[in-house]
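Just so you know, ligand 1 is whichever comes first in the structure, and atom 1 is the first atom listed for that ligand.
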Amino acid sequence: MEPLRTLLFVPGIRENMIEKARSLPADALVLDLEDSVAVAEKAKARALVRDSIAGLPLKGQRVLLRINSLQSGYAQQDLEAVIVPGIDGISQPKPGSSDEVRRVEAIIERLESERGLKQGHIKLIPWVETAMGMLHAFQIASASPRVVGIAFGAEDFTLDTGMARTEEGAELLFPRMMVVIAARAASVIAIDTPYNDFRDEEGLVRESRLARSLGFEGKFLIHPSQIEPVNQVFRPTEEEIAHARRVVEAFEAAEAQGFASTSLDGKMIDTPQARMASRLLEMAQAIAEREGG
Ligand code: COA
Ligand code: MG
């Protein structure tokens with residue numbers, strides 16, 4: 001398990017932002033060739049991104065690249081440009097089916113082999129952000145062993161479905177839960193949509209907490225100021241860690257006596273709580289390692 005709490009988008013056409021991103025403490029940098037790059041600039045961005053990848057991360061960040069969708073007609077050229085040493089993953093927008101994910105996988109596989117790259121190193125994070133994609137979320141999440149997570153894209157999803165965005169976001173509850181359920185069923189992680197109002201830290205933290213409570217393990221970001229608050233939301237607190245340790249200890253003590261349930265502070269603990277606590281401890285450990293602790 002490796003933390004992917006914060007995935008910072010960096011427009012593939014902005015040389016200064018790419019340079020700045022190198023030393024930012026996000027868990028992953030996502031160089032974008034899709035919606036933050038104008039159509040007229042796609043070729044230029046591809047070349048810039050390709051030349052930036054080697055040696056990009058100075059802080060151990062994973063390097064991902066968001067290509068254009070298959071429907072756009074640019075995906076193939078994007079992949080030809082960016083499947084180079086230093087790339088850890090491809091983020092695929094708007095797949096409507098598992099078949100589309102496998103088409104991207106096949107191109108990656110061919111390029112990895114032609115270019116002598118380690119087979120299977122490059123992972124996939126498809127976006128679930130269309131009505132059709134939502135209905136096929138599980139198939140998309142389980143389309144390939146390269147898929148390590150699926151991302152919920154609220155902007156495109158509301159555009160595609162005609163839903164109006166509201167302040168409190170009730171319209172996003174069902175799709176968010178669908179994405180988490182599909183992800184867990186496929187044993188991959190769910191990553192939440194970006195929060196656009198990058199000057200509103202309170203709103204960002206509120207939405208990130210909601211995402212975490214729904215089962216998301218991370219969030220896409222659009223601005224450097226969002227990294228630390230979101231890393232913090234997805235980092236288990238000292239109290240959570242201490243409590244999880246007590247749950248695991250209590251459960252293990254019960255197990256040693258042949259029971260699979262016990263009580264702690266007047267509440268029942270059985271297998272699901274103990275598993276949840278172990279998972280939290282593993283994540284806390286992985287985050288501590290990521291942060292050099
Ligand atoms: N990655 C790296 N650096 C970034 C950045 C990002 N996503 N967003 C801003 N920065 C840098 C700026 O270049 C600036 O650097 P400087 O101080 O060295 O000049 C600094 O962070 C502060 O930026 P700020 O002035 O607050 O914002 P801005 O007006 O320059 O940029 C946005 C605002 C929204 C245009 C910019 O954050 C952005 O392009 N975000 C990503 C958009 C995107 O990728 N969208 C597609 C996915 S939905
Ligand atoms: Mg999108």
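In this comparison of K20, R14, E155, the heavy atom closest to atom 16 (P) of ligand 1 sits on K20. Comparing heavy-atom distances from atom 25 (O) of ligand 1 across R22, E19, E34, R199 singles out R199 as nearest. Proximity annotation for atom 23 (O) of ligand 1: of Q226, R66, M17, H223, H223 comes nearest, heavy atoms only.
Looking at R275 and T271, their side chains never bring a donor and an acceptor atom within 3.5 Å of each other. Looking only at atom types and distance, the side chain of E155 has a donor-acceptor partner in the side chain of N196 under 3.5 Å away. Using modelled atom types and a 3.5 Å distance limit, the side chains of E171 and T166 yield a donor-acceptor pair. Side-chain contact, T130 with D160: no donor N or O sits under 3.5 Å from an acceptor N or O.
For F198, the heavy-atom gap to ligand 1 drops under 4.0 angstrom.
Close approach of ligand 1 to D32 is summarised as follows: ligand atoms under 4.0 Å from at least one heavy atom of the residue are 46 (C). Counting the atoms of ligand 1 from 1 in the order shown, those under 4.0 Å from a heavy atom of S36 are 43 (C), 44 (O), 45 (N), 46 (C). Close contacts between ligand 1 and N16 involve ligand atoms 13 (O) [criterion: under 4.0 Å to a heavy atom].
Contact annotation for L8 and ligand 1: only side-chain heavy atoms (C-beta onward) come within less than 4.0 Å of the ligand.
Under the 4.0 Å criterion applied to side-chain N and carboxylate O atoms, E217 and R184 are assigned as salt-bridge partners. E80 has a carboxylate O that lies under 4.0 Å from a charged side-chain N of R110, or vice versa, which qualifies the two as a salt bridge. At a threshold of 4.0 Å, the pair E100-K94 does not count as salt-bridged, since none of the basic side-chain nitrogens sits closer than that to a carboxylate oxygen. At a threshold of 4.0 Å, the pair R246-D265 counts as salt-bridged, since one of the basic side-chain nitrogens sits closer than that to a carboxylate oxygen.
From the protein, the heavy atom lying nearest to atom 39 (O) of ligand 1 is P11 CG, 3.4 Å. The protein atom (non-hydrogen) at minimum distance from atom 41 (C) of ligand 1 is I222 O, 3.3 Å. Atom 44 (O) of ligand 1 has F9 CB, 3.3 Å as its closest protein atom, hydrogens excluded (heavy atom only).
The presence of a protein heavy atom under 4.0 Å from atom 29 (O) of ligand 1 is ruled out. Counting protein heavy atoms under 4.0 angstrom from atom 19 (O) of ligand 1 gives zero.
When each of R212, R209, R5, K219 is tested with D192 by the rule salt bridge (charged side-chain N to carboxylate O under 4.0 Å, His left out), just one qualifies, namely K219.
Coordination check, D156 versus the Mg ion (ligand 2): passed, since an N/O/S atom of the residue sits under 2.8 Å.
Side chain of Q226 to backbone of Y195: a donor-acceptor contact under 3.5 angstrom is found.
Looking at E129, its N, O or S atom nearest to the Mg ion (ligand 2) turns out to be OE1.
In terms of polar-atom proximity, P224 is not counted as a contact of ligand 1, lacking any N or O under 3.5 Å from an N or O of the ligand.
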